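Taking it in order: structure first as structure tokens, then the write-up.
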Protein chains: 2
Amino acid sequence: MTSIDDVARASGVSTATVSRALRGLPNVSPATRETVLATAEELGYVASSSASGLATGRTLAMGVVVPNVSRWFYSTVLEGIDSELRRVGYDTILFNLGLKGEDRERVFHRSILRKRTDAVIALCLDFTPSEREQLASLGHPTIVVGGPVTGLRHLGIDELAVARTATEHLIALGHRAIGHLGGATEHGLNKRVPERRRRGYELAMAAARLAVRPEWEESGEFTIASGREVALRMLRRTPRPTALFAASDEMAIGAILAARELGIDVPGELSVIGIDDHPLAATFGLTTIAQDAFGQGCLAARLMLDELAGSPPHAGSGRYPTALIERSSTSAR
Amino acid sequence: MTSIDDVARASGVSTATVSRALRGLPNVSPATRETVLATAEELGYVASSSASGLATGRTLAMGVVVPNVSRWFYSTVLEGIDSELRRVGYDTILFNLGLKGEDRERVFHRSILRKRTDAVIALCLDFTPSEREQLASLGHPTIVVGGPVTGLRHLGIDELAVARTATEHLIALGHRAIGHLGGATEHGLNKRVPERRRRGYELAMAAARLAVRPEWEESGEFTIASGREVALRMLRRTPRPTALFAASDEMAIGAILAARELGIDVPGELSVIGIDDHPLAATFGLTTIAQDAFGQGCLAARLMLDELAGSPPHAGSGRYPTALIERSSTSAR
DNA sequence: CTGAAAGCGCTAACAG
DNA sequence: CTGTTAGCGCTTTCAG
């Protein structure tokens, strides 16, 4: 492998100059810089990240902790993060905890702390106190994207408000019998997200003096399959709600599928609203509250990068905007 | 940050001994090892990956190049890779090219070559000659998971055989009017996968002396939305096929949705078969040829790891097994 | 504007 | 079994 010395020798300057020239630092004459750049290119030289990492104390890598990478939200945030990092030459180191969470200890105790990353972004996880502490004591910038986590800075949408807006939309359409398809607590994910969405629903219902019927509240996983299953159960009961607020688009799509199977017309007999604006939402004509997962990833990365660059840490938690998108799954009662 | 010297000093031995003890190397007395382990733990010591990387020439990180992380196949293979790597303390460095491919140059020219990884796994990509060359000249183990790529070792299912099996299954059920929902060439993905699946279909049809009607062959993206759209178009034509082989489960699910919308009974009036065994396949009762993406990821990682450990490179390309799973979307004609 | 030299923290012979 | 001693390849003062 060609090293900085090779480049120095080949271009007739010192390694210090090569280093400066290649990194675009000042105090290098244009001529010299050009020569160095050219020979580096010619020799196919690439700096060793280990060596420069050792010398600078910077790894130029960001750790991203995810519960999994197969759900829309996580994969999309991850793509946002990576695109932002890539742009400035930072690498993304993935720490996939796995839904089962078996790898958690390994991740928290060894790898992240392996001083491999300059900062860490965690997606919507539910940390144990010890994990939280480990993260906090890492000594480098950290942020959680998604649900709020006690003791850690976070960035995300206003879960409560979003759920409320969704429910209020149904109410405004004249619905009074409104059910909720909520998220159950899944291991390793953030409990607070489904909780707050449910709470937002309840608040909106209470504010409109509408009864929340226990048999119209169901919990499942944030997936199409689970949404369908749970909706099937709820929609078979009599009386059934005329509208459904699902805690995620995937669940909402599941509900639409369930309704179709039961011969219930959407939105004629049942209005459905979700949260996310999942790529499939349009296909199903789903009305939803859109959240920009990719953008949230970009922003989180940006924040970490700025902080690493010396900006004072943005205190407190960031709120990311959302938008109601009306499609054909909701209609006036 | 506490360094190896701190641990050495605190436990009253040399740094060399600490290094040996911590890495589980021989030639350390049990007593010494225990002391060192204890003080390291107490001090919260974690070796600097930059330093050890520089000293050993090993980064303990694997590069994974993906076109995106939102499609089932990629995210699942990625999870497989990460789980295998995590187990042995290797890190996953993600290189997301982005569907648009704008980041490609950056990735290929800078980051991967940034000597940050010990090996590279690329998922089903379509490389330019120059990229292929860069990969090959990296000097470290490389493998492609998914479609075959000229000049690079690869691991994946037998695309041709799978497509053939799927088509033959429909033929065996008595279908003669069989359409194909194929994948179009999407930028940055591997062209050869949809091509081979189509070819397998054509071969199976030819072998059964069945006509392949151009109006029963459509191409789209490997997504539910696209599958639905394309199927809608095909199924509206008269005469329409009695069975459909879709190049992926997502397309197949799209076709099922399209059929439902058109009031065409599946499998009564239309049989549908896909490839993948996507998590949603069961929900839609989709008959499919299952491929184990997670397992392919694990295997690819294992191969790279073995090679890094000194095993002679497994020559040639690996074939991963598949299995026909019959559900309720196909029936005899 | 450029070069010399001292590390960054760890590993790997080589002695002992 | 353990310690000493060179580096690994780069960055960064500090001189010049």
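Letters A, B, ... are given to chains in the order of the sequence lines, protein chains preceding strands, and every chain is numbered from 1. Because the structure is a prediction, the values reported are computed rather than measured. Worth knowing before you read on, the calculation uses all heavy atoms, side chains too, and leaves out hydrogens, waters and symmetry mates.
Contact check for A/Leu125 versus A/Glu131: no side-chain heavy atoms found under the 4.5 Å cut-off.
Between the CG atom in A/Leu123 and the CG atom in A/Asn96 there is a gap of 10.5 Å [rounded to 0.5 Å]. Here CE of B/Met62 is found 10.0 Å from OG1 of B/Thr142. Values are rounded to the nearest 0.5 Å. Atom CG of A/Leu155 is separated from atom SG of A/Cys124 by 11.5 Å, given to the nearest 0.5 angstrom.
Minimum heavy-atom separation, B/Asn190 to B/Pro148: ND2-O, 3.2 Å.
Look at B/Arg302 and B/Asp306 and you find a salt bridge, because one of the NZ, NE, NH1 or NH2 atoms lies within 4.0 Å of a carboxylate O, short of that distance.
Taking 4.0 angstrom as the limit, B/Ser3 places none of its side-chain polar atoms (N or O) nearer than this to OP1 or OP2 of C/dG9. For B/Ser14, a side-chain nitrogen or oxygen approaches OP1 or OP2 of D/dG3 to under 4.0 Å.
Computed from coordinates, the A/Leu54 CG to D/dC10 P distance equals 12 Å when rounded to whole Å. When the C1' atom of C/dA12 is taken as reference, atom CZ of B/Arg58 falls 15 Å away, rounded to whole Å. Across the protein-nucleic acid pair, B/Asp5 atom CG and C/dT11 atom P stand 11 Å apart, rounded to whole Å. Summarising the geometry, the separation between CZ on A/Arg9 and P on C/dG3 is reported as 14 Å, rounded to the nearest angstrom.
Contacts between residues 16-40 of chain B and DNA chain D, counted as heavy-atom distances below 4.0 Å, involve B/Ala16, B/Thr17, B/Arg20, B/Asn27, B/Val28, B/Ser29, B/Thr32.
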